[in-house]
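First listed ligand is number 1; within each ligand, the first listed atom is number 1. A quick note: this is a predicted structure, and the numbers were derived from the prediction, not measured. We're numbering straight along the sequence, starting at 1. Atom set for the values below is all heavy atoms of this structure, side chains included, hydrogens, waters and symmetry mates excluded.
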Amino acid sequence: MWGELAPVGRDRASGGYRRHAWTGADADCRAWFRGQAEARGLRYEVDRNGNQWAWLGDADAGDAVVTGSHLDSVPDGGAFDGPLGVVSSFAALDELRRRGARFTRPLAIANFGDEEGARFGLACVGSRLAAGQLSKAQAHALVDADGVTLPQAMERAGHDPDAIGPDPERLARIGAFVELHIEQGRALDRTEHPVGIASAIWPHGRWRFDFAGEANHAGTTRLVDRRDPMLTYAATVLAARRAAEDAGAVATFGKVAVEPNGVNAIPSLVRGWLDSRAVDQDTLDAVVTAVQAAARERAGSDGVGLTVVRESFTPVVDFPHALREEIDRILGGSVPVLGTGAGHDAGILSAAVPTAMLFVRNPTGVSHSPAEHAAEDDCAAGVRALADVLEGLACRSH
Ligand code: HGY
Ligand code: MN
Ligand code: MN
C-alpha cells in the first residue's frame with residue numbers, strides 16, 4: 001500500500017507532496033482509497049462532504065468503530081502525515097482478519113477530505129462540514145490563490161458542491177473514532193514506546209495580516225517618502241516570535257504574498273499568514289493580541305494600512321478520558337500520553353463523537369516537510385496497536 005501511494009502527488013525536485021484538495025493528486029489518492037476498500041470487500045461510499053468511507057458490517061446498526069485519517073498534504077509535505085493513519089487502518093483490518101476477529105460492531109475506515117487546508121486556507125474542511133462547524137455558505141466562500149472557489153474545485157473533481165453540509169445522522173452512527181497519526185514532535189523518541197496516546201490538542205488558529213503600503217520605485221523613492229508594507233510585515237514577524245517566546249507558545253509566519261512582488265518595486269501590499277498555537281485559550285489570545293498590537297503600532301509609524309482576518313480556528317480539544325483509558329487498558333497500560341499542537345480531524349469530530357488518537361514515534365519530530373519519517377518497525381508497532389484497539393473496541397463479547 002505504502003509503495004502504491006508513494007509516487008502520488010510527489011514533487012520530483014523536493015521529494016515533498018502536493019496532494020491539495022480537489023486536485024488531480026487528491027483524485028489519485030481517493031482512487032487509491034476506493035481500490036483498497038473494494039479489494040477488501042468493504043462497502044465504499046463518499047459522503048455529502050466528499051469524505052470517503054469503507055464499511056465492514058451494517059453502518060445503519062450504529063455504534064460503529066471508525067478509524068482512518070486524511071490523505072491530503074501541506075505544500076511539500078511529508079509522506080506520513082495523514083497517509084500513515086489510512087494505510088495503518090487497512091493494515092490493521094488485514095491483521096484482525098488474520099486473527100479471525102469476530103466483529104460485534106460495525107467498523108469503518110475513513111479518509112477525511114482537505115484536512116490540511118493547504119489550498120483554501122481552512123483546516124479540516126471535510127470533518128468541519130460533517131460536524132456542522134463550517135456552514136455551506138462559509139465553505140462556498142473559500143477561494144484558492146488562483147481565484148478558484150471551493151465549489152468550482154469540487155465540481156471539477158466530480159463532487160456536487162450543493163450537497164455539502166452538516167451530517168449529524170452519519171456522526172450519530174459512530175460510537176468511537178480512533179485516528180492513528182505520526183507524532184509531530186519528539187516526545188516518544190525519548191521513551192522506549194513506539195506508540196503513544198493523545199491527551200489534548202492545543203487551541204490554534206490562522207490569521208491573515210494585510211499590510212497595505214504604496215507602490216513606488218525602489219531606486220528613486222527617498223526612504224522618508226516611503227510607505228513600505230514589507231517593513232511592517234518584517235517587524236510583525238519578529239514581534240510574533242517575541243510574543244510566543246514570552247508566552248511559552250508558538251507563532252509562525254510561514255506564508256507570505258507580496259504584490260507586485262518585483263525586485264525593484266516597493267510593494268503595494270504584503271499579506272502574511274500567522275499560525276499560532278498555545279496550551280490554553282488565554283495564552284493564545286494573549287499572543288495574538290500582542291502580535292496585532294505590534295503590527296498596528298508599526299503600521300502607524302510606517303504609514304501602512306493594516307487589516308487582520310481570522311481564517312481558521314480550532315478550540316482546545318481534550319480527548320474523552322473514558323475512551324483514552326479504555327485504549328490504554330487494551331494496550332497494556334503505561335502507554336505514554338501526549339498533548340500536541342497539531343490539529344486533526346479527530347479533534348474536530350470530538351465535539352460530536354468520542355474520539356482518540358494514537359501517535360507513532362517520529363525519531364526526528366520533523367513534519368510538514370519532505371524529511372518527515374518514521375521507522376518501519378515503529379509503523380508496524382502502530383498497526384499492531386491499532387489492531388489491538390479496534391479488536392478491543394469492535395470485537396469485544398458483550
Ligand atoms: O496544521 C495542523 O496542525 C495540521 O497538520 N492540519
Ligand atoms: Mn498536517
Ligand atoms: Mn495530519
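- A salt bridge links R241 to E245: one of the charged nitrogens lies within less than 4.0 Å of a carboxylate oxygen.
- Shortest distance from the Mn ion (ligand 2) to E116 is reached at OE2 (N/O/S atoms only).
- The part of H368 lying near ligand 1 is the side chain, judged by heavy-atom distances below 4.0 Å.
- Nearest N/O/S atom of H368 with respect to the Mn ion (ligand 2) is recorded as NE2.
- Each of the following atoms of ligand 1 lies closer than 4.0 Å to a heavy atom of A342: 3 (O).
- In terms of protein heavy-atom proximity, atom 4 (C) of ligand 1 is closest to G343 O, 3.4 Å.
- With respect to atom 1 (O) of ligand 1, the closest heavy atom belonging to the protein is R277 NH2, 2.9 Å.
- Looking at H181 against ligand 1, nothing comes within 4.0 Å, counting heavy atoms.
- In D81, the N, O or S atom that comes nearest to the Mn ion (ligand 3) is OD1.
- With respect to R173 and D167, no salt bridge is recorded, no charged nitrogen being found less than 4.0 Å from a carboxylate O.
- Looking at R227 and D302, no side-chain N of the basic residue comes within less than 4.0 Å of a carboxylate O on the acidic one, giving no salt bridge.
- Classification of the H344-F359 ring pair by plane angle, with boundaries at 30° and 60°, yields tilted.
- Put simply, the side chain of C379 does not reach to within 4.5 Å of the side chain of W2, judged on heavy atoms.
- Between D26 and R30 there is a salt bridge, with a side-chain nitrogen of the basic residue lying less than 4.0 Å from a carboxylate oxygen of the acidic one.
- Taking 4.5 Å as the limit, some side-chain heavy atom of H140 sits within range of a side-chain heavy atom of I164.
- Within ligand 1, counting atoms from 1 as listed, the ones closer than 4.0 Å to a heavy atom of E116 are 4 (C), 5 (O), 6 (N).
- Vertex the Mn ion (ligand 3), arms ending at NE2 of H181 and NE2 of H70: the angle is 120° after rounding to 10 degrees.
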